[in-house]
Amino acid sequence: MNLVTQLPRHPSRRDILNDNGSLEIVSPIRLLKIDASPRGSKSNSIALTDAFVTAYRDAVPSVTVDVMNVWDERLPEFDNAAIDAKYKGVAGSAMNEAEKAVWDRIQALVARFKRADRIVLGVPMWNFAYPYKLKQLIDLVSQRNMLFTFDGERFGPLLQTPRAMVIYTRGQEYREDLPTPPSRFDHQSGYVEFWLHFIGVQDVRALAVENTWGDKAEASMRAAREKVAALAKDFLTMPVKRSTNSPLTLRESETI
């Protein structure tokens with residue numbers, strides 16, 4: 001069962017960014033956990049996001065978690081009605097019943113991103129990229145004047161989310177000296193992290209867990225569970241990286 005915590009509609013942010021870049025927690029943290037696998041208890045990526053959230057809850061018992069599995073959300077199609085609603089929404093024009101229904105659903109999804117103080121995202125590799133349902137979610141919520149702005153020349157983020165953690169799972173290993181060099185085969189991480197920064201996540205951390213099937217799978221997952229537990233504790237107090245450049249430059253990742 002996929003339980004979603006009911007959160008206040010318009011909570012006020014009371015986290016304080018200190019001069020040293022660390023975040024002082026003075027209110028409950030709202031964490032949005034996004035899972036992109038349809039495999040439930042059989043999913044390696046969900047097992048690792050669950051382990052991350054469990055360890056994070058141990059460190060922050062007051063955290064509230066909103067679970068969004070893209071396969072369970074009954075996401076609307078981004079079809080003609082949705083596209084017409086998009087253009088009318090930007091223009092402020094009247095919508096018909098079908099357009100309003102899909103636009104209301106899109107706004108409800110966007111609201112869950114806006115409520116989040118942290119985002120944890122689990123992404124299995126499909127055909128060297130990511131599941132199409134995750135892209136469907138991205139296409140639905142990435143709307144002008146909702147998660148980003150555009151003035152005809154420049155884009156700007158609208159979220160104020162300090163941190164996100166992305167956990168990727170991959171069935172095999174990707175190294176430049178192997179038949180699957182990441183420079184050619186990794187179409188999974190670049191877009192996901194670009195998108196998170198694009199909508200306004202200030203600091204994106206990532207862990208790629210490889211060899212999740214075959215003879216090495218058990219050892220790989222055991223090491224990954226230990227790693228995500230340590231990362232979850234650091235996720236609470238790690239400093240937010242600062243840059244005078246675009247927020248798209250902020251990234252820290254590792255592979256195990």
Side-chain angles (χ1 to χ4, degrees), residues 1-11 30-43 45-46 49 53 64-127 129-150 155-161 164 166-168 187-188 190-201:
M1 175 180 271
N2 187 13
L3 298 178
V4 177
T5 303
Q6 296 298 318
L7 302 177
R9 181 170 295 181
H10 299 293
R30 297 168 293 272
L31 187 150
L32 176 62
K33 176 178 178 282
I34 304 172
D35 287 312
S37 172
R39 304 193 71 231
S41 62
K42 298 178 183 178
S43 166
S45 63
I46 291 177
T49 57
V53 169
T64 57
V65 182
D66 178 5
V67 179
M68 180 189 291
N69 186 298
V70 296
W71 297 89
D72 299 334
E73 286 292 331
R74 299 183 182 273
L75 298 174
E77 296 296 325
F78 200 67
D79 54 13
N80 185 57
I83 293 172
D84 283 347
K86 171 191 177 81
Y87 292 139
K88 289 181 179 179
V90 171
S93 303
M95 301 180 189
N96 62 34
E97 186 175 343
E99 292 163 352
K100 186 177 186 306
V102 70
W103 200 241
D104 287 347
R105 180 73 174 106
I106 286 171
Q107 289 180 312
L109 290 167
V110 168
R112 292 165 72 178
F113 281 85
K114 289 185 174 180
R115 287 194 291 262
D117 300 302
R118 305 285 189 276
I119 296 173
V120 175
L121 176 57
V123 186
M125 178 176 273
W126 283 21
N127 291 314
Y130 37 82
Y132 67 91
K133 279 287 182 184
L134 177 59
K135 185 58 166 63
Q136 184 177 353
L137 173 69
I138 291 171
D139 288 340
L140 287 166
V141 300
S142 300
Q143 302 297 334
R144 184 178 177 182
N145 299 329
M146 289 190 186
L147 292 186
F148 70 92
T149 61
F150 181 61
F155 293 94
L158 282 178
L159 285 188
Q160 298 179 10
T161 307
V166 189
I167 300 173
Y168 305 102
H187 303 279
Q188 181 189 35
Y191 178 76
V192 171
E193 291 164 42
F194 160 82
W195 170 69
L196 287 168
H197 287 306
F198 177 77
I199 62 176
V201 179

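Values reported hereafter were calculated over all heavy atoms of this structure, with side chains retained and with hydrogens, waters and symmetry mates removed.
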For the residue pair Trp195 and Phe113, does the interplanar ring angle fall in the parallel (under 30°), tilted (30 to 60°) or perpendicular (over 60°) class?
-> perpendicular
Output for pair (Leu109 CG, Met68 CE), nearest 0.5 Å, gives 5.5 Å
Donor-acceptor under 3.5 Å (Asp79 side chain, Ala81 main chain) | yes
How many angstroms lie between atom NZ of Lys33 and atom CG of Asp66, to the nearest 0.5 angstrom?
-> 10.5 Å
Kindly say whether Arg30 contributes a backbone atom to a donor-acceptor pair with the side chain of Arg115 at under 3.5 angstrom?
-> no
Output all residues satisfying side-chain contact (heavy atoms from CB on, under 4.5 Å) with Asp139, sequence neighbours left out; order by chain, then residue number.
-> Lys135
CE of Met95 to CG of Asp84: how many Å apart, nearest 0.5 Å?
-> 10.0 Å
So among Lys133, Arg112, Gln136, which one has a side chain to side chain donor-acceptor pair (under 3.5 Å) with Glu73?
-> Arg112
Aromatic rings Tyr130 and Tyr191: how do their planes relate, parallel, tilted or perpendicular, breaks at 30° and 60°?
-> parallel
Mind checking whether Pro124 and Pro131 have side chains closer than 4.5 Å, heavy atoms only?
-> yes
Please tell me if the side chains of Ser41 and Ile46 come closer than 4.5 Å, counting only heavy atoms from C-beta onward.
-> no
Looking at CG of Leu140 and CE of Met146, how far apart are the two atoms once the value is rounded to the nearest 0.5 Å?
-> 10.5 Å
Hey, could you give me the CG/CG distance between Leu159 and Asp117, rounded to the nearest 0.5 Å?
-> 11.0 Å
Tyr132 ring center near Trp71 ring center (under 6.0 Å) = yes
May I ask you to check whether over 12 heavy atoms, not counting those of Asn145, lie within 6.0 Å of atom CG?
-> yes
Minimum heavy-atom distance between Val110 and Val141, given as atom pair plus value = CG2-O, 3.6 Å
Can you name the closest pair of heavy atoms from Val123 and Ala36 and give their distance?
-> CA-CB, 4.5 Å
Just wondering, do Gln143 and Trp103 contact through their side chains at under 4.5 Å, heavy atoms?
-> yes
Rounded to the nearest 0.5 Å, how far apart are CG of Leu121 and OG of Ser45?
-> 9.0 Å
What are the two closest heavy atoms between Glu99 and Ala85, and how far apart are they?
-> O-CB, 3.6 Å
Pick one: which of Val166, Ile119, Asn69 meets side-chain contact (heavy atoms from CB on, under 4.5 Å) with Ile34?
-> Ile119
